[in-house]
Amino acid sequence: VRRNDPRLVAAARAALDAVEDSRPLIVAVPVSIGRTYNEAVARADRDPRFVGEAHPQESGIFGTFEQAQEQVLALAHAAFPGRVAAATFDHRLRAGSDDEAAMVANACAGLGIPHATLTPNVPIDGSSIQARAREARYEALVAWAAGRLLLTAHHADDQAETLLMRLNRASGLAGLAAIRATRWVEGTAVIRPLLGWRRTELRAIVEASGLPFVDDPSNADPRHDRTAIRALLAATPMLDPVALAASATFLSDAEDVVGR
C-alpha cells in the first residue's frame, strides 16, 4: 500500500457517497479501516447527542506518527484535501519528545496539513503516570478539536491489551468494553476507526508510505502494566488479538443495551 494510492483515494470517495450528504466529514479517514469504521459511524449516528446537531466543518486527527497515524493523515488528506487537521501531544515525559513533535509538524507541512503541537498545562508526574498522561492528552486534544471529530489510531492489539488488563483487575461490563469505537468526551466525538487492524499490518503500511515515524520507547518500559500484557500476548500465540478485540466490541454493545 502506497501513500496516495489512487485505489484507496477512490475507495474513500466511494465511502463518502455511502453516507448522508450532510455528514461528509465523518469519512475523512482511510477507507482501509473498512467495517470497523462503518460501525463506529453508525454508532455515532445512533447516539442522541449527535442527532440534530450541526456537523463540524473539519475533522481532526491526532498522532505522533507511530504505527497508523501518519497513514491516516496521508490518505485522509489525499481524499479530502483541506479538510483534515492534525495535532501532536508532547507529554514532555522524556528527552527528545520535542524533536519528534517537530518531525510530525514538518511531515504535515510537506503534505499541506495544518498541524498543532500541544503540551500539558502542568507537568505530568506522580503515580499512575500513564493514566495521568492520558487525561492530560485528551484534555488538550478535545480543547484543540473544538467540536470537530477527533480520530485516533488505536488498533486491535491496543484493544486486546486493554481487555486483558481489565479482566485481570476484575472489571465489570463497562470496563470490559475497553476502548470504545466511538466515545464522547465533553461533547466531542472521538472515533477509533482502526480497532480491527493488527499493529503489524499498520506498521507495514507506515513503512511503505515513505513518511517518518518513531517507536515510542515507553511502550517497552517494564514499569507499565501494559508492557507486561503486551509481552504475554507476544509469547502466547493461542491468544488472538483480533478475536479479543472483537469480544471487547461485543461487550461494549452489551453495555450499551444494559445502560439504556
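Residue numbers count from 1 along this sequence. Side chains included, hydrogens not; waters and symmetry mates left out as well; all remaining heavy atoms used. The shown structure was predicted, so the numbers you read here are calculated from the model rather than taken from an experiment.
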### Task
Determine, stepwise, if the pair Arg134 / Glu139 fulfils salt bridge (Lys or Arg N to Asp or Glu O under 4.0 Å).
CA-CA 8 Å; Arg134 182 170 57 254; Glu139 179 183 1; over 6 Å; no
### Query
Between atom CZ of Phe213 and atom CZ of Arg203, what is the distance when rounded to the nearest 0.5 Å?
4.0 Å
### Message
Take a 6.0 Å sphere around CG of Asp99 and say whether it holds more than 12 heavy atoms from other residues, nucleotides or ligands.
### Response
yes
### Query
So, do Arg180 and Asp256 sit near enough that their side-chain heavy atoms are less than 4.5 Å apart?
yes
### Minimum-distance pair of heavy atoms, taken over all atoms of Ala140 and Phe89
CB-CE1, 3.5 Å
### Query
Does Asp158 offer a backbone N or O that forms a donor-acceptor pair with the side chain of Thr162 under 3.5 Å?
yes
### Message
Measuring from atom CG of Leu164 to atom CG of Leu239, what distance do you get when rounded to the nearest 0.5 angstrom?
### Response
6.5 Å
### Message
Show, in sequence, the C-alpha distance, side-chain angles and deciding distance for Asp90 and Thr119, and conclude whether the side chain to side chain donor-acceptor pair (under 3.5 Å) test is met.
### Response
CA-CA 5 Å; Asp90 180 3; Thr119 56; over 6 Å; no
### Message
When you measure from the side chain of His155 to the backbone of Asp157, do you find a donor-acceptor pair of N or O atoms at a distance under 3.5 Å?
### Response
yes
### Message
With a 4.5 Å cut-off on side-chain heavy-atom distances among I, L, V, M, F, W and Y, is there a chain of contacts connecting Leu141 to Ile124?
### Response
yes
#### Entry: Partner of Val104 under side chain to side chain contact (heavy atoms under 4.5 Å, CB included), chosen from Thr88, Val214, Thr117
Thr88
### Message
Distance check, rounded to the nearest 0.5 Å: Leu93 atom CG versus Ile129 atom CD1?
### Response
5.5 Å
### Message
Whether the side chain of Glu161 engages the backbone of Arg230 through a donor-acceptor N/O pair (distance < 3.5 Å, no angle test) should be reported.
### Response
no
### Task
Measure from NZ or CZ of Arg183 to the centre of the six-membered ring of Tyr138 and say whether it is under 6.0 Å with the direction within 45° of the ring axis.
yes
### Summary
Looking only at heavy atoms, the pair that brings Thr188 and Gly147 closest together is OG1-N, 4.2 Å
### Message
Please determine whether residues Val190 and Leu118 belong to a single hydrophobic cluster, defined as Ile, Leu, Val, Met, Phe, Trp and Tyr linked transitively by side-chain heavy-atom distances below 4.5 Å.
### Response
yes
### Task
Using modelled atom types only, decide if a donor and an acceptor are shared between the side chain of Ser252 and the backbone of Ala177 within a distance under 3.5 Å.
no
### Message
Quick check against the 3.5 Å criterion: does Thr227 have a side-chain atom that pairs as donor or acceptor with the backbone of Arg223?
### Response
no
### Pi-cation contact, Trp144 with Arg148 (under 6.0 Å, within 45°)
yes
#### Entry: Leu176 with Val258, same ILVMFWY side-chain cluster at under 4.5 Å
yes
### N/O donor-acceptor pair under 3.5 Å between Arg132 side chain and Asp125 backbone
yes
### Query
Between Pro241 and Gln159, is any pair of side-chain heavy atoms under 4.5 Å apart?
no
## Note on the structure
Between the CG atom in Leu233 and the CG atom in Asp240, the distance rounded to the nearest 0.5 Å is 9.5 Å
### Query
Does a side-chain heavy-atom distance below 4.5 Å link His154 with Leu195?
yes
### Task
With the side chain counted from C-beta on, respond yes when Ile179 and Leu163 share a heavy-atom pair under 4.5 Å apart, and no when they do not.
no
### Query
Is there a donor-acceptor contact under 3.5 Å from the side chain of Arg166 to the main chain of Gly175?
yes
### Task
Answer yes or no: is there a donor N or O on one side and an acceptor on the other, between the side chain of Thr249 and the main chain of Ala245, under 3.5 Å?
yes
### Pairwise distance CD(Gln130) to NE2(His91) - rounded to 0.5 angstrom
9.5 Å
### Message
When you measure from the side chain of Arg192 to the backbone of Leu151, do you find a donor-acceptor pair of N or O atoms at a distance under 3.5 Å?
### Response
no
### Query
Is the CZ atom of Arg92 crowded by more than 12 outside heavy atoms at less than 6.0 Å?
no
### Task
Indicate the atoms forming the closest heavy-atom contact of Thr236 with Leu232, along with that distance.
OG1-O, 2.7 Å
### ILVMFWY cluster, Leu251 and Ile229 together (side-chain gap under 4.5 Å)
yes
